[in-house]
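What you see is a predicted model; the values in this text were computed from it and never measured. Counting begins at 1 with the first residue of the sequence.
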Amino acid sequence: VGTAVVTRSDGRLALGRIGALCEQLKELSSQGFEVILVTSGAVGLGRQRLRYRKLANSSFSDLQKPQGELDGKACAAVGQSSLMALYDTMFSQLDVTSSQLLVNDGFFRDAGFRKQLSDTVNSLLDLRVIPIFNENDAVSTRKAPYEDSSGIFWDNDSLAGLLALELQADLLVLLSDVEGLYSGPPSDPNSKLIHTYVKEKHQGEITFGDKSRLGRGGMTAKVNAAVCAAHAGIPVIITSGYATNNIIRVLQGERIGTVFHKDAHLWSNIKEVSAREMAVSARESSRRLQILKYEERSKILLAIADALEKNASLISLENEADVAEAVIAGYENSLISRLTLKPEKISKLAKSVRILAAMEEPIGQTLKKTEIADKLVLEKISCPLGVLLVIFESRPDALVQIAALAIQSGNGLLLKGGKEARRSNAILHKVITSVIPNTVGDKLIGLVNSRDEIPYLLKLDDVIDLVVPRGSNKLVSQIKESTKIPVLGHADGICHVYVDKSANIGMAKQIVRDAKTDYPAACNAMETLLVHKDLSKNGGLNELVLELRREGVKLYGGPQASDLLNIDETSSFHHEYSSLACTVEIVEDVFAAIDHINQHGSAHTECIVTEDCEVAETFISQVDSAAVFHNASTRFCDGARFGLGAEVGISTSRIHARGPVGVEGLLTNRWVLRGSGHVVNGDKGVHYTYKELPLKA
């Protein structure tokens, strides 16, 4: 564990990270692993304590004098006991026993010492004690602990490598303040995480950044230690110590950090396309796509529709494998429902692609034409955004819709689907890209297979123009917090149906049933039913409740409805069930319904059922959501049903696009000015006319 992991930027101990480290080691120990810890931090902790002691004992005149640097060996002596006391306290809370072993460089020259060291460590491990090693800097003969790199080991990274060899470890994990080894400084957006280090390939390619901000080594020291240990047969992983569970993830086989292995050069060389390369390729292909005539782009879409139908059985086979795995893994029914691609859904997808192919040309359309001055004409023209990054979870059908929209709108596309739909996404991507002509290139649509690439893609604000997350509230929130690229999407689908006192109850029952049960897992399904108070007295509420219960819907109530209907009270009005369940609440009138929706909703889709047109207009004008319906199910909020052909998602933001986002939402505009030698020249002699011109002659 490096100094940058155990200390904060101000030099104080990072108690949260040390606590998470101890919890991981406790878990590993309880699973039967033998764990040895090599830790830094003593000198930094000692320096902090001595500075405080010096300050407390100084007079005002002392403080006016230049303050000399504290002796590093004294810092080490003070810090060692404090660091071990901290580890002992934390491990004791976890019912784990730890021990301290201080070593010096010279000890390892003595064969007797090395044998005794091995015997002692093995005895401790047999007793389920965690040995904690550190260099005894207090009595080290090294003149400058942070500069002198002589000897058998010269920092805690090389000490860890040496101990791994002496004690014949099965694995060495080096925790750093970054995700692993990068091809350049991690702060450089062009740098890429190296998942597998091959000395012959990477030794001359890597550019190291600054050394550790607090310790003596940094990444250079870690790589040197890792290369030596790996060469001797000890596998090594360099990964981040900032995450709370990375050691556990490494031992579970997750692809995090950088692995060093003596046989890495023999492993099959799978070309890893970097995030930037993938994005740049998509942009280059999109420019070639934009050159094509409208008829040629439509031809590609028709070929995709045909290919989907032709390969339907193969697609179903791969999808069935995904669904089977999801069932075994115990995923919720709502996720499995979204994951499933039945033959009729594949046929429906092909139909939606053909509808897109038949739409009018969206690119290069003149949206506005203005005569600025005589023979000086300004045009506002539609054009593609550029490159889209769409991150979605368990809906493989979304891949087809998004790919078709990207082609029709002339955009490049990068797709990252959920791991639960891995096979389905792979076959759909293969089917779609197989019919893209070579003049455009199949790299127009890139499929990102590893979630490890997502953080790097989100840094590429110079190449990627829009991120569209489709999934849980957690997913959308994480992405918004992690990128400078504009994000379009919605976090929740808390959709409401309000049944007014003047509603036709027969119509209301039909709408409420459809809104909840047609596809409960959809983001446009009803999650809350609001009912006018008068309906609780005339039997209307009971009819609606019976209709839902007849369909197997589990009901939860607000404070009023739960008492009246004798049902469980909901824990929150802002809850997306995505299943056969919903919340019911009684409201005073349409204004109370509007207030409830604006306070607890997600600005997605709302519906009012009423025969009073004035009440309906009040609801429509005052509810602040992307889609508001009168006497129609919320399930109509869908790109295909709106006649958009398909949708890349439903946006609840207020900038650029709102509601179901079809082709238009993936376009922007540019300004084209046509003149005949016009110059500004301080506006002398320019007579501005600002005359609107017809768009078509």
Side-chain angles (χ1 to χ4, degrees), residues 331-342 344-345 348 392-398 401 469-476 489-499 507-531 544-545 547-558 561 567 570-585 593 596-597 600-609 623 625-642 646-647 649-652 659-661:
Y331 285 116
E332 293 180 1
N333 289 336
S334 57
L335 183 143
I336 292 170
S337 176
R338 291 193 295 269
L339 175 62
T340 305
L341 272 181
K342 293 181 179 177
E344 54 267 28
K345 189 180 274 191
K348 198 173 179 181
F392 56 102
E393 291 186 330
S394 55
R395 287 190 57 183
D397 59 319
Q401 295 183 41
R470 292 180 57 155
S472 65
N473 185 22
K474 182 181 177 184
L475 170 74
V476 178
H490 72 275
D492 294 306
I494 316 294
C495 301
H496 298 75
V497 173
Y498 166 59
V499 182
M507 178 193 293
K509 285 161 59 178
Q510 187 175 320
I511 289 172
V512 167
R513 181 180 67 246
D514 182 80
K516 181 69 259 182
T517 67
D518 180 63
Y519 188 6
C523 64
N524 57 13
M526 179 188 76
E527 302 294 4
T528 300
L529 170 63
L530 300 176
V531 181
L544 293 169
V545 167
E547 187 70 25
L548 288 171
R549 282 179 169 161
R550 195 178 294 120
E551 297 292 330
V553 178
K554 169 75 173 172
L555 300 179
Y556 297 89
I567 56 178
T570 183
S571 58
S572 170
F573 278 124
H574 190 93
H575 183 73
E576 186 173 12
Y577 294 96
S578 298
S579 62
L580 281 174
C582 73
T583 301
V584 181
E585 182 58 318
H596 180 103
I597 291 167
H600 300 292
S602 60
H604 194 294
T605 304
E606 325 301 345
C607 160
I608 180 172
V609 184
V623 165
S625 293
V628 188
F629 301 163
H630 176 204
N631 290 347
S633 169
T634 56
R635 289 282 292 125
F636 278 105
C637 189
D638 174 84
R641 296 188 181 98
F642 275 16
E647 67 181 33
I650 295 179
S651 171
T652 55
V661 180

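Shortest non-hydrogen contact noted between Ala626 and Ser651 is CB-O, 3.6 Å. Taking every heavy atom of both residues into account, Phe629 and Ala627 meet most closely at CE2-CB, 3.9 Å. Annotation for Pro660 and Gly639: closest pair CB-N, 3.7 Å, computed over non-hydrogen atoms. Annotation for Ala581 and Lys516: closest pair O-NZ, 2.9 Å, computed over non-hydrogen atoms. Counting all heavy atoms, side chain and backbone alike, Cys495 lies closest to Cys523 at SG-O, 3.3 Å. Contact record, Met526 with Thr634: N-OG1, 3.8 Å, taken as the closest heavy-atom pair.
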Intermediate values then yes/no, side-chain contact (heavy atoms from CB on, under 4.5 Å), Ser625 and Thr605: CA-CA 6 Å; Ser625 293; Thr605 304; over 6 Å; no
Given side-chain contact (heavy atoms from CB on, under 4.5 Å), test Asp518 with Ser633 step by step and report yes or no. CA-CA 10 Å; Asp518 180 63; Ser633 169; over 6 Å; no
Run Ser602 and Asp492 through side chain to side chain donor-acceptor pair (under 3.5 Å) and show every step you take. CA-CA 6 Å; Ser602 60; Asp492 294 306; 5.9 Å; no
Arg635/Asp514 under side-chain contact (heavy atoms from CB on, under 4.5 Å): CA gap, chis, key distance, verdict: CA-CA 8 Å; Arg635 289 282 292 125; Asp514 182 80; 3.8 Å; yes
side-chain contact (heavy atoms from CB on, under 4.5 Å) between Asp638 and Glu647: does it pass, once the steps are laid out? CA-CA 7 Å; Asp638 174 84; Glu647 67 181 33; 4.0 Å; yes
Verdict with reasoning, His496 to His596, per ring-ring contact (aromatic ring centres under 6.0 Å, His included): CA-CA 10 Å; His496 298 75; His596 180 103; 5.6 Å; yes
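You'll find the side chain of Glu527 stays beyond 4.5 Å of the side chain of Phe573, heavy atoms only. In this structure the side chain of Cys607 reaches within 4.5 angstrom of the side chain of Ile511, judged on heavy atoms. Considering only heavy atoms from C-beta on, Leu341 comes within 4.5 Å of Asp397 through its side chain. Considering only heavy atoms from C-beta on, Tyr519 comes within 4.5 Å of Ser337 through its side chain. The shortest distance between side-chain heavy atoms of Glu585 and Val531 does not fall below 4.5 Å. Taking 4.5 Å as the limit, some side-chain heavy atom of Leu339 sits within range of a side-chain heavy atom of Pro396. The shortest side-chain heavy-atom distance between Val499 and Val512 falls under the 4.5 Å cut-off. Between Tyr556 and Ser571 the shortest side-chain heavy-atom distance does not fall below 4.5 Å.
The aromatic rings of Tyr577 and His575 lie perpendicular to each other, with more than 60° between the two planes, well past the 30° mark.
Remark: Thr583 OG1 to Lys554 NZ distance equals 11.5 Å, nearest 0.5 Å. One finds the CZ atom of Arg338 at 12.0 Å from the OH atom of Tyr331 (value rounded to the nearest 0.5 Å).
With respect to Leu580, the side chain to side chain contact (heavy atoms under 4.5 Å, CB included) criterion is satisfied by exactly one of Thr517, Leu548, Asn333: Thr517. Just one of Ile608, Ile597, Val623 meets the side chain to side chain contact (heavy atoms under 4.5 Å, CB included) condition when paired with Val628; it is Val623.
In this structure, Glu551 places its CD atom where more than 12 heavy-atom neighbours from other residues, nucleotides or ligands lie under 6.0 Å away.
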